[in-house]
Amino acid sequence: MAAPTPAKTPYQVSFTGLILASTLAAGVASRTTSLDTFTALLCTYAITIPAWILYKSYIYPFYVSPLRAVPTVPGFPLWGQFLDIITEEVGVPQRRWHKELGPVVRYFFPLGAERLSIADDNALKHMMVKNPYNFPKPVRAKKWMLRILGEGVLLAEGGAHVHQRKALTPGFSIASIRTLAPIFWRKAILMADLWEQEMNVANVKTKSFEVLEWLNRTTLDIIGEAGFGSDINSLEHPETPLREAYRAVFVFDLGSRILHGLQAFFPMTKYLPAKMNRDMEFSRQIILGKATNIIKEKEASVNPADKDILSLLVRDNMKLQAAGEKGLTFETMRDQVMTFLGAGHDTTATGVAWTLHLLCKHQDVQNRLREEIRAHYPFLFDDATRHDPELFKKIDPDQLPYMDNVCRESLRYIPPIPMTVRQSLADDKLGDYFVPGGTTVYVLANTINRMPEYWGPTANTFDPDRWDHLPESYTTNAFQTFLQGPRGCIGRKFAETEMKTLLCSLLSKFHFERDESVTDPEELKMWRLVLRPRDGVTLKATKI
Ligand code: HEM
């Protein structure tokens with residue numbers, strides 16, 4: 001379905017419009033004066049292009065724009081705040097700007113391109129909960145994601161989104177996640193077993209592991225089995241093509257990063273014979289192929305006993321179609337599989353990796369959390385009982401209050417998805433400000449999650465206990481890790497249960513410390529959809 005087109009912000013002149021008008025004017029000039037066509041063109045461009053730049057980057061933002069009432073970051077809009085944005089961690093400059101200017105701020109990308117960052121409670125509620133369909137994702141921001149994630153529920157808009165979200169919601173209910181929990185346990189225990197095997201082979205009790213890659217494989221296997229009933233088994237076969245495909249998507253070399261940025265503005269650059277384009281195409285083909293096979297197999301043999309999310313969806317869809325209703329097409333189902341594969345593994349893996357890193361830095365928190373796990377589930381600490389599937393059925397990691405605090409705090413402190421971007425379709429109001437259709441608006445979890453205005457003076461400290469005594473100023477919108485409202489993360493409960501299960505399995509088997517031979521991963525945060533450490537998270541694990 002074609003994405004709805006946002007209204008253009010008023011009194012803007014596009015570059016194409018300018019060139020067309022200037023060329024026309026040059027044509028008229030060359031016929032009515034003694035100037036030849038080339039000189040007429042040159043003279044016209046020499047006047048109109050600088051005039052256009054002046055208008056775009058000075059007159060429009062300060063004297064014409066309907067957004068000029070919004071508190072604006074000081075600086076010259078010709079280049080705007082772009083340098084701060086590309087050189088600092090995503091969301092960090094905005095923390096400063098909100099502190100100085102308030103909860104709604106305007107800043108600029110080059111050539112006076114206006115951007116809003118909103119952290120105002122009412123504005124967030126309006127945009128995310130009350131009127132989310134007036135704020136779809138901008139088409140340019142979706143371009144590269146579409147290649148890897150398909151047009152599933154994450155990237156669908158308007159009516160298509162409502163329809164898909166309704167069809168998917170039962171698969172993510174608390175009851176549904178409970179039935180999937182044994183899969184989480186099996187994979188979480190397997191990951192710890194594989195580490196132990198590596199230690200036994202090397203005859204050591206302490207070993208360094210790059211945990212992000214391990215966690216990515218574990219969560220990929222979990223989403224494969226819990227989501228689609230498909231055993232990907234990248235834990236035991238790290239070279240499996242699907243894992244290779246996601247590894248290639250997140251390559252961080254400089255060339256790929258530049259091209260990735262360029263593609264948002266110049267989509268044709270996706271055809272350049274560059275490494276990133278080759279990687280993306282290679283990954284897309286593998287992910288698309290896997291998703292197609294999964295759907296074909298599922299549709300061919302849907303079993304009423306299967307509990308995975310896709311089986312629920314396929315069965316419901318068949319019922320709908322049998323009753324003469326529209327249901328979801330094959331392509332839409334395939335794109336959901338692509339979406340869940342992508343959105344559902346890297347995010348949680350990154351969240352757990354950052355949590356383990358924070359537990360290394362805060363040994364007191366690690367020890368306290370381990371003792372809570374021991375008190376509730378002592379059998380996890382005993383090799384003779386640790387693998388008993390009957391015992392897993394009794395576990396509900398939601399019953400561990402400190403675990404809940406640690407996970408929430410880690411996800412607040414370093415949100416795996418640090419920001420999202422939207423573009424208003426029609427005129428609207430955010431907080432106290434009028435916002436014309438076509439305005440680009442950012443919601444930065446990595447800013448809002450750390451604002452003292454919501455969290456108090458310790459906003460920048462990792463403190464799981466804060467969740468037991470939240471300040472008066474806290475609101476649900478202060479925590480944007482999963483966003484809020486109808487476009488918030490549908491997999492939140494899935495992710496939280498998965499995170500807790502992984503932590504129970506790992507902390508009952510190993511003690512973790514920072515590997516001081518590697519740079520602190522917090523100093524190497526990189527953003528490409530997910531806020532991850534550039535070189536992963538290497539930690540020292542010691543058998544308990
Ligand atoms: C810690 C782990 C996770 C985090 C931090 C996270 C965060 C988010 C965020 C911020 C969004 C909104 C993105 C946007 O609109 O720009 C989102 C959407 C979504 N997430 Fe998650 N997510 C996590 C895990 C998962 C898992 C495990 C699944 C699936 C099993 C999942 C599936 C989705 C889907 C399908 C959407 C699109 C929802 C919609 O637009 O209706 N996520 N997630």
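Count residues from 1 along the sequence. Counting starts at 1 for both ligands and their atoms, following the listed order.
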Test salt bridge (charged side-chain N to carboxylate O under 4.0 Å, His left out) on Asp465 and Arg368 and set out the steps.
-> CA-CA 12 Å; Asp465 286 326; Arg368 195 171 143 195; 3.2 Å; yes
Please lay out, stage by stage, how Lys142 and Glu157 fare under the test salt bridge (charged side-chain N to carboxylate O under 4.0 Å, His left out).
-> CA-CA 11 Å; Lys142 295 205 299 196; Glu157 300 293 353; 3.6 Å; yes
Walk me through it: do Lys500 and Asp404 pass the test salt bridge (charged side-chain N to carboxylate O under 4.0 Å, His left out)?
-> CA-CA 8 Å; Lys500 291 173 184 175; Asp404 203 48; 2.7 Å; yes
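Considering Tyr413, Trp467, Phe462 in turn, Trp467 is the only one that fulfils the ring-ring contact (aromatic ring centres under 6.0 Å, His included) rule with Trp455. Looking at Asn216, Leu220, Asp346 one by one, the single match for side-chain contact (heavy atoms from CB on, under 4.5 Å) with Tyr246 turns out to be Leu220.
Between the side chains of Ser311 and Lys298, a donor-acceptor pair is found at a separation under 3.5 Å. In this structure, a donor-acceptor pair under 3.5 Å is absent between the side chains of Ser176 and Ser173.
Remark: distances from the non-hydrogen atoms of Gly488 to ligand 1 include one below 4.0 Å.
Within the 4.0 Å heavy-atom criterion, both parts of Thr481, backbone and side chain, lie near ligand 1. At a heavy-atom cutoff of 4.0 Å, ligand 1 is contacted by the side chain of His161 but not by its backbone.
Considering only non-hydrogen atoms, atom 39 (C) of ligand 1 lies nearest to Arg165 out of His345, Arg165, Lys493.
Excluding waters, the set of protein N/O/S atoms under 2.8 Å from atom 21 (Fe) of ligand 1 reads Cys489 SG.
Residues satisfying the side chain to side chain donor-acceptor pair (under 3.5 Å) criterion with Arg450, sequence neighbours excluded, are Asn460.
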